[in-house]
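Structure first, then comments.
Remember, predicted model here, so these are calculated numbers, not experimental data. Just so you know, these numbers use all the heavy atoms, side chains as well, and skip hydrogens, waters and symmetry mates.
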Amino acid sequence: QVQLVESGGGLVQAGGSLRLSCAASGRAFSDYRMGWFRQAPGKAREFVAFTGFGGRTTSSTDSMKGRFTASRDSAKNTVYLQMNNLKSEDTAVYYCAAARNPGVVSDPDSYDYWGQGTQVTVSS
C-alpha cells in the first residue's frame with residue numbers, strides 16, 4: 001500500500017509558476033514510477049508528466065513540454081511538478097499517481113495508487 005499526499009496548489013496569475021509536491025509513504029518508494037495527471041471540470045483526467053526510477057526524468061505532453069517538469073527526490077520520498085509560464089487552461093485539480101510497472105505511462109488505468117489532488121487555478 002502506498003499513500004500519496006499532494007501539496008503546493010493555489011491561485012496564480014497567468015505567466016506565473018508553481019511547484020507541486022507529492023509525498024509518498026508506505027511501501028518502498030523506489031519500487032514505483034510516478035505520474036502526474038490533471039482534471040478540469042467536465043473533462044477527462046489528462047496525463048501531465050512522468051518520472052521513472054531514480055534521477056530526473058520527464059515525459060510530458062506537447063502542450064506542456066518546456067513548461068512542466070517532473071522530478072523526484074528519493075531521499076525524501078517525494079516527487080515534484082514544476083510548472084512555469086502557467087496559462088488559464090492549466091486550471092485543474094492535479095493528481096500524482098504511483099505504479100510499479102505502468103504499461104502506458106499516459107493511461108490513468110496504468111497506476112495503482114492516487115493522491116487526493118491539489119487545486120491549481122490560473123487567473124488571466
Side-chain angles (χ1 to χ4, degrees):
Q1 192 80 350
V2 174
Q3 293 79 42
L4 303 173
V5 179
E6 300 98 334
S7 60
L11 175 64
V12 63
Q13 289 188 333
S17 298
L18 281 175
R19 188 177 79 158
L20 306 183
S21 299
C22 172
S25 61
R27 295 179 65 89
F29 177 66
S30 60
D31 291 344
Y32 289 85
R33 300 179 178 183
M34 303 296 294
W36 285 96
F37 292 78
R38 68 185 185 185
Q39 189 165 20
K43 294 187 176 181
R45 194 160 292 190
E46 178 184 23
F47 171 70
V48 173
F50 169 84
T51 179
F53 299 123
R56 172 175 169 164
T57 60
T58 303
S59 174
S60 58
T61 58
D62 289 344
S63 67
M64 293 172 249
K65 280 182 179 177
R67 298 193 301 124
F68 290 9
T69 302
S71 61
R72 68 193 291 159
D73 185 336
S74 295
K76 295 182 178 180
N77 284 2
T78 301
V79 293
Y80 303 97
L81 182 66
Q82 178 67 44
M83 305 186 294
N84 299 325
N85 190 23
L86 283 161
K87 306 175 181 180
S88 58
E89 53 263 41
D90 295 319
T91 295
V93 177
Y94 284 72
Y95 299 88
C96 66
R100 295 199 68 172
N101 295 295
V104 178
V105 299
S106 60
D107 183 353
D109 290 338
S110 294
Y111 293 81
D112 305 309
Y113 302 100
W114 291 83
Q116 83 290 348
T118 186
Q119 176 70 48
V120 172
T121 303
V122 184
S123 63
S124 57

Can you check whether [Y]'s main-chain N or O pairs, donor with acceptor, with [X]'s side chain at less than 3.5 Å?
| X | Y | value |
| --- | --- | --- |
| E6 | Q116 | yes |
| R72 | G52 | yes |
| T91 | V122 | yes |

| message | Restricting to ring-ring contact (aromatic ring centres under 6.0 Å, His included), what partner residues turn up for Y80, sequence neighbours left out? | response | none
Between [Y] and [X], is there a side-chain heavy-atom distance shorter than 4.5 Å?
| X | Y | value |
| --- | --- | --- |
| Y95 | L20 | no |
| W36 | M64 | no |
| V48 | M83 | no |

Please find the pair of heavy atoms, one from [X] and one from [Y], that lie closest to each other, and give the distance.
| X | Y | result |
| --- | --- | --- |
| R67 | D90 | NH1-OD2, 2.8 Å |
| V105 | F50 | CG1-CE1, 3.6 Å |
| D112 | R100 | OD2-N, 3.4 Å |
| S123 | L11 | CB-CD1, 4.3 Å |
| A70 | A49 | CB-CB, 3.8 Å |
| V104 | S110 | O-OG, 2.8 Å |

Nearest-0.5 Å distance, [atom1] of residue [X] to [atom2] of residue [Y]:
| X | Y | atom1 | atom2 | result |
| --- | --- | --- | --- | --- |
| R19 | T69 | CZ | OG1 | 12.0 Å |
| E46 | R38 | CD | CZ | 4.5 Å |
| L81 | S71 | CG | OG | 8.5 Å |

| Parallel, tilted or perpendicular, as decided by the 30° and 60° cut-offs, for the rings of F37 and Y111 | perpendicular
